[in-house]
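Please read the structure below before turning to the comments.
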Amino acid sequence: MVDKEKITLARKQFQDCSEIFVALGDITRQKICLDLAESADEGINVAQLTGKSLLSRPAISHHLKVLKNCGLVEPIKKGTQIFYRIRLRDNFAVVRQLIQTLDEIFAEENA
């Protein structure tokens, strides 16, 4: 029998991860994340990201806002420009915890 406390914990963890899952569920935002990862700690600005895609600057800005709001992207002001860098590792702790809880639930279910 599956531990009810682990199910309750998994529900909370799914809720904690939902913004990240929604943000990363979009193929454009996935590409932006990879472009940001490629730029490393230096970051990349909206104009540079726009040059790497077929989207307009406002569209790129919208996607960056979604990624920023869930903590996956960090803006850095350099002079008059804003550069963005990825912060996936910092935010994946909650996803790793969810995976661990699910792994434990499924291990109990199959035991």
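Position 1 is the first residue of the sequence, and the numbers go up from there.
- Scanning for side-chain contact (heavy atoms from CB on, under 4.5 Å) contacts around Ser61 gives Val46, with sequence neighbours left out.
- In this structure, Arg11 has no side-chain hydrogen bond (donor to acceptor under 3.5 Å, both in side chains) partners at least two apart in sequence or on a different chain.
- Listed by chain and number, the residues in a salt bridge (Lys or Arg N to Asp or Glu O under 4.0 Å) with Arg96 amount to none (sequence neighbours excluded).
- Put simply, the side chain of Phe14 reaches to within 4.5 Å of the side chain of Leu102, judged on heavy atoms.
- When all heavy atoms of Lys6 and Thr101 are compared, the pair lying nearest together is O-CG2, 3.6 Å.
- Counting all heavy atoms, side chain and backbone alike, Lys78 lies closest to Phe83 at CD-CD1, 3.7 Å.
- Side-chain contact between Arg85 and Ile76: present, with at least one pair of heavy atoms (C-beta onward) separated by less than 4.5 Å.
- The closest donor-acceptor contact from the side chain of Glu19 to the backbone of Cys70 lies at 3.5 Å or more, if one exists at all.
- Partners of Asp16 under the side-chain contact (heavy atoms from CB on, under 4.5 Å) rule, at least two apart in sequence or in another chain, are Lys12.
- Minimum heavy-atom separation, Arg29 to Leu67: CD-CG, 3.9 Å.
- Within the 3.5 Å criterion, the main-chain N or O of Arg87 finds a donor-acceptor partner in the side chain of Asn91.
- Between Leu36 and Leu64, the closest side-chain pair of non-hydrogen atoms falls below 4.5 Å.
- The salt bridge (charged side-chain N to carboxylate O under 4.0 Å, His left out) contacts involving residues 52-67 comprise Glu38-Lys52, where partners must be two or more places apart or lie in separate chains.
- Partners of Ala59 under the side-chain contact (heavy atoms from CB on, under 4.5 Å) rule, at least two apart in sequence or in another chain, are Leu55, Ser56.
- The two residues Leu98 and Ala10 have their closest heavy-atom pair at CD1-O, 3.9 Å.
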- Item | Residue pair Lys68, Glu74: steps toward the salt bridge (charged side-chain N to carboxylate O under 4.0 Å, His left out) verdict | CA-CA 6 Å; Lys68 185 179 104 179; Glu74 175 185 41; over 6 Å; no
